[in-house]
Amino acid sequence: MRKPIIVGNWKMNKTIAEAVAFIDAVDGVCHDGATYGVGAPFLALAESVKHANHLIVAAENCHFEDSGAFTGEVSVPMLEEIGVKWCIIGHSERREMFGDTDETVNKKAKRLIQAGITPIVCIGESEAQYDAGESEAVIRSQLSGSLADLCADCVKDIVIAYEPIWAIGTGKSASVEIAQQCCHIVRDQIEKMYGKEAAEAVRVQYGGSVKPENIVEYMAQPDIDGALIGGASLKVDSFTDIINKTK
Ligand code: PGA
């Protein structure tokens, strides 16, 4: 039985004070039925980790090298030092704006796993690819690149977020049928790469305009184990609503 996992992705939002205030307000609302968490900007991570007892706190990116001439980057040992246990990698905004590729996402995944930090690996097709009927091919190819050469046992513990780019921040969420179908393809691809046991254990999130009004129907789908939530994770009220609706 897979435990549901719902994570907010704050992106470049919230100062340290704002992050702490949010965590103090929401932490006590969490319950054991699911894993709840937030992806916070680097600067807010250390304080967020200190304030979160029930929420998990994820970095939104990392570099795959431990140190060196990579101006502006943050390494896995730096995250380890402040007690970060989760990290979002390969978000479409990073792939589109900051040059992340399946190859770099794969290197990041390997380094995180080595450190005992759980990667939340994002994949998803663009609107043009969706319109051209290429969703399945894109999902399979992103997964084979991003998750290449991991151990099957490690794959069981990671989280994959299927986020169609056309649904991110647009209010145009994927239909429940499409989301289920694509999350099923994700699981099928994991089975092809790492076997049935890994496929049955891996947690798959849907992301793209998830909000209190639609979370329940996504969660009811057999291959959707949770959600990665941008806009609706920024306000205490809407995130609390999502937590309460997924009890
Ligand atoms: P959204 O963002 O919920 O605002 O669509 C999702 C994401 O980018 O992870």
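Excluded from the calculations below are hydrogen atoms, water molecules and symmetry mates; all remaining heavy atoms, backbone and side chain alike, are included. Both counts, for ligands and for their atoms, begin at 1 and track the order of listing.
- Contacts with ligand 1 closer than 4.0 Å are made by side-chain heavy atoms of Glu163 only, the backbone lying farther away.
- Between Tyr206 and Tyr162, the angle of the ring planes lies from 30° to 60°, which puts this pair in the tilted group.
- Of the possible polar contacts, one joining the Lys108 side chain to the Cys62 backbone as a donor-acceptor pair under 3.5 Å is found.
- At least one donor-acceptor pair closer than 3.5 Å links the side chain of Arg187 to the backbone N or O of Val202.
- Each of the following atoms of ligand 1 lies closer than 4.0 Å to a heavy atom of Gly231: 1 (P), 3 (O), 4 (O).
- Every residue meeting the salt bridge (charged side-chain N to carboxylate O under 4.0 Å, His left out) condition with Glu136, not counting sequence neighbours, appears here in chain and number order: Arg140.
- Looking at Thr170 next to ligand 1, no N or O pair under 3.5 Å apart turns up.
- For Gly207, the closest heavy-atom approach to ligand 1 does not fall below 4.0 Å.
- Counting only heavy atoms of the protein, atom 3 (O) of ligand 1 lies nearest to Gly230 N, 2.8 Å.
- Under a 4.0 angstrom heavy-atom cut-off, Ala167 registers as being in contact with ligand 1.
- Residue-level proximity to ligand 1 for Asn9 is carried by the side chain, the only part with a heavy atom below 4.0 angstrom.
- Checked by atom type, the side-chain pair Glu163/His91 shows a donor-acceptor distance below 3.5 Å.
- For His54, there are no ring-ring contact (aromatic ring centres under 6.0 Å, His included) partners at least two apart in sequence or on another chain.
- In this structure, Phe239 and Phe22 have tilted ring planes: the angle between them lies in the 30° to 60° band.
- Assignment of His91 to the shell around ligand 1 is supported, since a heavy atom sits closer than 4.0 Å.
- Shown in contact with Gly208 at under 4.0 Å from a heavy atom are these atoms of ligand 1, numbered in order with element: 5 (O).
- Annotation for ligand 1: atoms under 4.0 Å from non-hydrogen atoms of Gly169 are 1 (P), 4 (O), 5 (O).
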